[in-house]
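Structure provided below as structure tokens; questions to follow.
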Amino acid sequence: MVRYLFNGTLDVASAIAPLMWRIAAIGGVAMALTCWGTVSWHRYVLLEEYPKGWIPAVHMRRIGAYLLGLLKLMLVGIAVFGVLGLVSVPLISGMELFGVALVLGLALVVLVFMYRLILILPAAALGQRLGLSQSLQKTEGAFGTLFILSSCLIGLQLIAELILYLMGDLVALAGVFQIVFGLFQGVLSISVLTTLYGYYVEKRQI
């Protein structure tokens, strides 16, 4: 960013466009690699598909389907949380602290709703057809379980943020902690998603 925004010229506008394209390209590659690893993990656990060697198999169609599923969830999330954002402004301004608590409660409810849709991702990794409405149907009656699960995951994130805050000026240590926690959180989230699919769709025992 420094190189493109402060490259000796004062024409910042001309530097923004190539910078954004490069950021988008890096983000796209990172997303594809993430989906590759996630698809491999789902297939390893649910299909017992073991890798041959150090590098997991590349299932291009499954990775593409996974990316498409992520896009669907992102669009739904933008719409749902956008409505929540519009509702939260008058609630907070009119009810103050009670309004804040109410908005946080509504956000958790919305998050549970998104969890009920997320089963389309492991299905895409396995090559199974599962739409958003079918995912809702499979998780019918699971509100309490998913509410507790999402609350625990949010609490874990808040604890990590508190630890980073308490580290203060220990920049190097905070960086290491952030990387380690990010890896742990990623594996945990993928494992939870795999377990949800195995339990609610394939009817496996925990």
Side-chain angles (χ1 to χ4, degrees), residues 1-9 11-82 110-111 114-132 135 150 153-154 156-157 160-161 163-164 171-198:
M1 291 180 69
V2 170
R3 177 182 174 186
Y4 282 100
L5 292 180
F6 304 100
N7 57 359
T9 68
D11 188 5
V12 177
S14 64
I16 288 291
L19 173 64
M20 295 309 295
W21 277 112
R22 282 164 174 76
I23 291 175
I26 293 170
V29 171
M31 183 64 71
L33 290 174
T34 301
C35 289
W36 175 25
T38 306
V39 166
S40 299
W41 180 261
H42 290 321
R43 296 179 68 87
Y44 167 72
V45 175
L46 297 170
L47 298 179
E48 298 184 4
E49 183 179 281
Y50 294 93
K52 297 177 181 179
W54 290 98
I55 301 176
V58 181
H59 300 277
M60 293 302 298
R61 295 183 64 182
R62 298 299 101 227
I63 293 172
Y66 207 90
L67 282 167
L68 182 60
L70 278 174
L71 179 60
K72 290 179 181 178
L73 291 175
M74 285 173 61
L75 293 175
V76 173
I78 289 171
V80 174
F81 280 101
V110 171
L111 191 60
M114 294 301 298
Y115 260 107
R116 293 185 60 193
L117 298 176
I118 209 168
L119 297 183
I120 67 171
L121 296 181
L126 303 183
Q128 302 295 326
R129 291 185 176 273
L130 187 72
L132 295 174
S135 184
S150 58
L153 292 176
I154 291 173
L156 185 63
Q157 179 65 41
E161 296 292 339
I163 293 174
L164 285 172
V171 180
L173 184 60
V176 172
F177 173 80
Q178 197 165 9
I179 293 172
V180 173
F181 179 78
L183 290 171
F184 167 75
Q185 188 181 36
V187 173
L188 178 63
S189 299
I190 297 170
S191 299
V192 166
L193 177 54
T194 309
T195 302
L196 289 175
Y197 183 87

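FYI, the numbering just counts along the sequence from 1. Quantities reported herein were computed from a predicted structural model and do not represent experimental measurements.
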All side-chain contact (heavy atoms from CB on, under 4.5 Å) counterparts of Gln157, not counting sequence neighbours: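 With sequence neighbours excluded, Gln157 shows a side-chain contact (heavy atoms from CB on, under 4.5 Å) to Glu161, Phe181, Gln185, given in chain and number order.
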Minimum heavy-atom distance between Leu70 and Cys35, given as atom pair plus value: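 Between these two residues, the closest heavy atoms are CD1-SG, 3.6 Å.
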Ring pair (Phe, Tyr, Trp, His ring centres under 6.0 Å) partners of Tyr66, counting only residues at least two apart: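 Ring pair (Phe, Tyr, Trp, His ring centres under 6.0 Å) check on Tyr66 returns His42.
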Shortest non-hydrogen separation from Gly69 to Ile120 and the atoms involved: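 Shortest heavy-atom contact: O-CD1, 3.8 Å.
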Residues in side-chain contact (heavy atoms from CB on, under 4.5 Å) contact with Val80, at least two apart in sequence or another chain: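 Val80 satisfies side-chain contact (heavy atoms from CB on, under 4.5 Å) with Val76, Val110, Phe113 once adjacent residues are dropped.
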side-chain contact (heavy atoms from CB on, under 4.5 Å) against Ala57, all qualifying residues, sequence neighbours excluded: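 Result, side-chain contact (heavy atoms from CB on, under 4.5 Å) vs Ala57: His59.
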Nearest-0.5 Å distance that lies between atom CG in Leu173 and atom CD1 in Ile163: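 Answer rounded to 0.5 Å: 10.5 Å.
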Interatomic distance, Leu46 atom CG to Thr195 atom OG1 [nearest 0.5 angstrom]: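 Result: 8.5 Å between the selected atoms.
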Any residue meeting side-chain hydrogen bond (donor to acceptor under 3.5 Å, both in side chains) with Arg62, in chain and number order, not counting sequence neighbours: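 By the side-chain hydrogen bond (donor to acceptor under 3.5 Å, both in side chains) rule, Arg62 matches no residue at all.
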Point-to-point distance, once rounded to the nearest 0.5 Å, from CG of Leu193 to CD1 of Ile118: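 Leu193 CG to Ile118 CD1: 5.0 Å, rounded to 0.5 Å.
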Pairing residues for Glu49 by the salt bridge (charged side-chain N to carboxylate O under 4.0 Å, His left out) criterion, not counting sequence neighbours: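 For Glu49, the residues satisfying salt bridge (charged side-chain N to carboxylate O under 4.0 Å, His left out) (neighbours in sequence not counted) are Arg43.
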Straight-line distance of Ile190 CD1 to Tyr44 OH, nearest 0.5 Å: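 Ile190 CD1 to Tyr44 OH: 14.0 Å, rounded to 0.5 Å.
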Greater than 12 external heavy atoms within 6.0 Å of Ile55's CD1: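 No - once you tally the heavy atoms of other residues, nucleotides and ligands closer than 6.0 Å, there are 12 at most.
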Residues in side-chain contact (heavy atoms from CB on, under 4.5 Å) contact with Ala32, at least two apart in sequence or another chain: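 In terms of side-chain contact (heavy atoms from CB on, under 4.5 Å), with neighbours along the sequence ignored, Ala32 is linked to no residue.
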Inter- and intrachain pairs under salt bridge (Lys or Arg N to Asp or Glu O under 4.0 Å), touching residues 67-78, at least two apart: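 Every candidate salt bridge (Lys or Arg N to Asp or Glu O under 4.0 Å) pair involving residues 67-78 fails, so no pair, neighbours aside, qualifies.
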Atom pair OG1 (Thr194) and CG (Leu119), whose distance is rounded to the nearest 0.5 Å: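 Nearest 0.5 Å value for the OG1-CG distance: 10.5 Å.
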Least distance between heavy atoms, Pro56 atom then Ser40 atom: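 Distance-wise, the nearest heavy atoms are CB-OG, 3.3 Å.
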Set of ring pair (Phe, Tyr, Trp, His ring centres under 6.0 Å) partners for Phe184, sequence neighbours left out: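 Here no residue qualifies.
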Partner residues of Trp36 under the ring pair (Phe, Tyr, Trp, His ring centres under 6.0 Å) criterion, sequence neighbours left out: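 None.
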Rounded distance (nearest 0.5 Å) linking atom CG of Leu126 with atom CG of Leu121: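 Reported value, rounded in 0.5 Å steps: 11.0 Å.
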